[in-house]
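Order of the sequence lines sets the chain letters (A, B, ...), proteins ahead of strands, with each chain counted from 1. Every heavy atom of this structure was used, including side-chain atoms; hydrogens, water molecules and symmetry mates were not.
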Amino acid sequence: MTFEIQHTDPKSNARAGKITTDHGDIETPIFMPVGTVASVKAIHFHELKEDIKAQIILGNTYHLYLRPGLQTLEGAGGLHKFNGWDKPILTDSGGFQVFSLSENRKLKEEGATFRSHIDGSKHLFTPENVVETQRTIGADIIMAFDECTPGTADYNYAKKSMEMTHRWLDRGLKHFDSTEPKYGYSQTYFPIVQGCVYPDLRRQSADFIASQNRDGNAIGGLAVGEPTEKMYEMIEVVNEILPKDKPRYLMGVGTPQNILEGIERGVDMFDCVMPTRNGRNGMLFTSQGIMNMKNERWKNDFSPLDEYGTSYVDRVYSKAYLRHLFISKELLAMQIASIHNLAFYLWLVGEARKHIQIGDFSVWKKGMVEQVARRL
RNA sequence: GGGCAGUUACCAAAGUGGCCAACUGGGGCUGACUGUAACUCAGCUGUCUUUCGACUUCGGAGGUUCGAAUCCUUCACUGCCCA
């Protein structure tokens, strides 16, 4: 994997670049739709490519390992062959499940023991076997196994957690470097910065991660309970240290505003369940603001879903119709909302890229941040 | 014409003397959701009030009782059965 910076914004740390993988190029800044169990929920890949214009999607190690399981994935010839997505795939390591399934897991130095949310069975994830699993899945970008520290953790916990993530990183990298890809194309490994909301820990972690000199670096443990301003502050602290010539991936973020603020601070890659999950729950993100499609106010509004939207669903369907579909619990509602939201997210990062190229990113971003946060 | 059963909030349906402004579903309204255990979750849903609380309700009218959605009388309506 290679990364090339093509343009930089004169007034901020924003940059536009290109990531090259064996499954194709990715123009940054980029948003990566989340496809946890080998499917971006409610979306066909045809729509994902042609209408949403996604360039890379996520998969999840924990989920795919439990179901369909490694035997099936290996039998298929990897995830790309299995689900038919022939562009790049990034897999999360299960580090987020250490956080989100904290009721069902135990942490120790060796790794994390999970109780499957499907059948309750016990499974041990280690930095090494998680590399192995991601090799078998066949992800283009493999993520380190980390502890995603809650944003509310105290200093001592955050420090110990970060130090263990660093030790896990050493082990994971050692295993990664001593093994080969299984399907003939190359894979790369991103380490993850932790350190919670504590600047000195974040700096320490960023130093450690930067010193590994990998193809790209991730910032984890944000948007997990800390105030948004803290998140922005931590991004700034970390990005001062992470190498400029490597892509920076802010994991799990976020709202359209979060993404614009991240881009301004030098982040290149984002992923978040928000456009799909919130879409399924009736929320639409648009360039003009946020709409709760279940609200009564849309009942007789026959105007197009989003007159400034770029996807066909924005023109074909009206607000009143989509509201009707949500109220009636029709599956089509979730499809339309997901397509719209993802198309909007990809449009947003694409526009950011254009404005970085033109050189007026900061001005554009300032106006857009206000617009997208409005409630319609 | 006779017999039986029933009538509770938007709908369905509990409650059969005080713990009832009334269980529970559904529907409706509003909110939440950030590396997906999420087509999920939470709140509200008689009126007035920010809260405390006050007021008016359980087909209609009248009665018994300290007290009634709950007991009695009567009227109206609905369903089933018999003529």
Side-chain angles (χ1 to χ4, degrees), chain A residues 31-43 56-64 66-67 89-105 114-120 130 134 139 141-151 165 190-194 218-228 231-232 235 249-259 261-262 267 269-285 290 292-299 323 325-338 341 345 375:
Chain A
F31 178 80
M32 308 181 281
V34 178
T36 307
V37 293
S39 146
V40 178
K41 294 186 194 295
I43 310 264
I56 171 172
I57 62 171
L58 256 68
N60 188 288
T61 302
Y62 167 83
H63 297 269
L64 294 170
L66 290 180
R67 210 161 48 189
I89 293 175
L90 178 151
T91 43
D92 186 30
S93 62
F96 185 71
Q97 279 63 45
V98 170
F99 164 78
S100 67
L101 302 179
S102 58
E103 305 277 300
N104 293 325
R105 57 85 176 146
F114 288 98
R115 267 197 186 281
S116 159
H117 68 279
I118 298 167
D119 64 5
V130 153
Q134 292 178 94
I141 300 172
I142 287 175
M143 296 308 300
F145 191 51
D146 64 337
E147 179 186 3
C148 179
T149 318
T165 288
F190 282 17
I192 303 170
V193 175
Q194 286 291 340
I219 307 166
L222 289 176
V224 283
E226 80 287 3
T228 305
M231 171 168 80
Y232 296 150
I235 296 169
Y249 164 28
L250 177 57
M251 304 184 76
V253 173
T255 64
Q257 306 95 284
N258 293 161
I259 288 172
E261 297 292 348
V267 175
M269 304 163 71
F270 302 85
D271 79 282
C272 191
V273 303
M274 202 172 263
T276 41
R277 179 192 290 166
N278 289 30
R280 288 195 306 283
N281 291 332
M283 183 184 279
L284 249 56
F285 297 94
I290 295 164
N292 180 346
M293 293 317 297
K294 293 178 181 174
N295 285 172
E296 194 167 31
R297 58 170 305 193
W298 311 117
K299 187 168 187 177
R323 174 179 193 272
L325 294 178
F326 269 112
I327 295 298
S328 307
K329 298 183 167 58
E330 282 295 321
L331 295 176
L332 183 58
M334 291 182 273
Q335 293 184 40
I336 292 172
S338 300
N341 279 348
Y345 265 63
R375 294 197 78 103

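- The partner of B:rC48, taking Watson-Crick or G-U wobble pairs whose two distances both stay under 3.5 Å, is B:rG53.
- In this entry the distance linking CD1 of A:Ile290 with C1' of B:rG31 reads 13 Å, nearest Å.
- Base pairing of B:rA22: no nucleotide in any strand meets the Watson-Crick or G-U wobble criterion (both distances under 3.5 Å).
- Side-chain atoms of A:Met251 and A:Met143, non-hydrogen and from C-beta on, do get closer than 4.5 Å to each other.
- Between the C1' atoms of B:rC48 and B:rA42, the separation comes to 26 Å (whole Å).
- Taking the C1' atoms as reference points, B:rC23 lies 10 Å from B:rA13, given to the whole Å.
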| What string of B, S and - do you get for nucleotides 32-40 of chain B, 5' to 3', when a contact is any protein heavy atom under 4.0 Å? | BBBBBBBBB
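- By the 30° and 60° cut-offs, the orientation of the rings of A:Phe114 relative to A:Tyr62 is tilted.
- B:rC77 sits 36 Å from B:rU24 when the P atoms are compared, rounded to a whole Å.
- Residue A:Phe326 contributes atom CZ, which lies 14 Å from atom P of B:rC29 at whole-angstrom precision.
- Annotation: B:rU45 and B:rG25 have their P atoms spaced 14 Å apart (nearest Å).
- If you take atom P in B:rC29 and the same atom in B:rG63, they sit 44 Å apart, rounded to whole Å.
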Please tabulate, for the side chains in residues 92-99 of chain A, all donor-acceptor contacts under 3.5 angstrom to protein atoms that are two or more places apart in sequence or on a different chain.
from	atom 1	to	atom 2	distance (Å)
A:Ser93	OG	A:Gly95	N	3.1
A:Ser93	OG	A:Ala144	O	2.8
A:Gln97	OE1	A:Asn60	ND2	3.1

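- Taking atom C1' on both nucleotides, B:rA9 is separated from B:rU47 by 13 Å, rounded to a whole Å.
- Summarising the base pairing, B:rA37 is matched to no nucleotide, lacking a Watson-Crick or G-U wobble pair whose two defining distances lie under 3.5 Å.
- Base pairing of B:rC29: its partner is B:rG43, meeting the Watson-Crick or G-U wobble criterion (both donor-acceptor distances under 3.5 Å).
- Taking the C1' atom of each, B:rA61 and B:rA68 are spaced 16 Å apart, rounded to whole Å.
- Interatomic distance, CG of A:Asp119 versus CZ of A:Arg67, reported as 9.0 Å (0.5 Å rounding).
- Judged as a salt bridge (charged side-chain N to carboxylate O under 4.0 Å, His left out), and not counting sequence neighbours, the contacts of A:Glu261 are A:Arg265, A:Lys365.
- Side-chain rings of A:Phe31 and A:Tyr345 approach one another, their centers coming within less than 6.0 Å.
- Pairing for B:rA76 is with B:rU7, a Watson-Crick or G-U wobble pair whose two hydrogen-bonding atom distances lie under 3.5 Å.
- When the P atom is compared between B:rU36 and B:rC44, the two are found 32 Å apart, to the nearest whole Å.
- When all heavy atoms are compared, the tightest approach of A:Phe326 to A:Asn281 is CE2-C, 4.4 Å.
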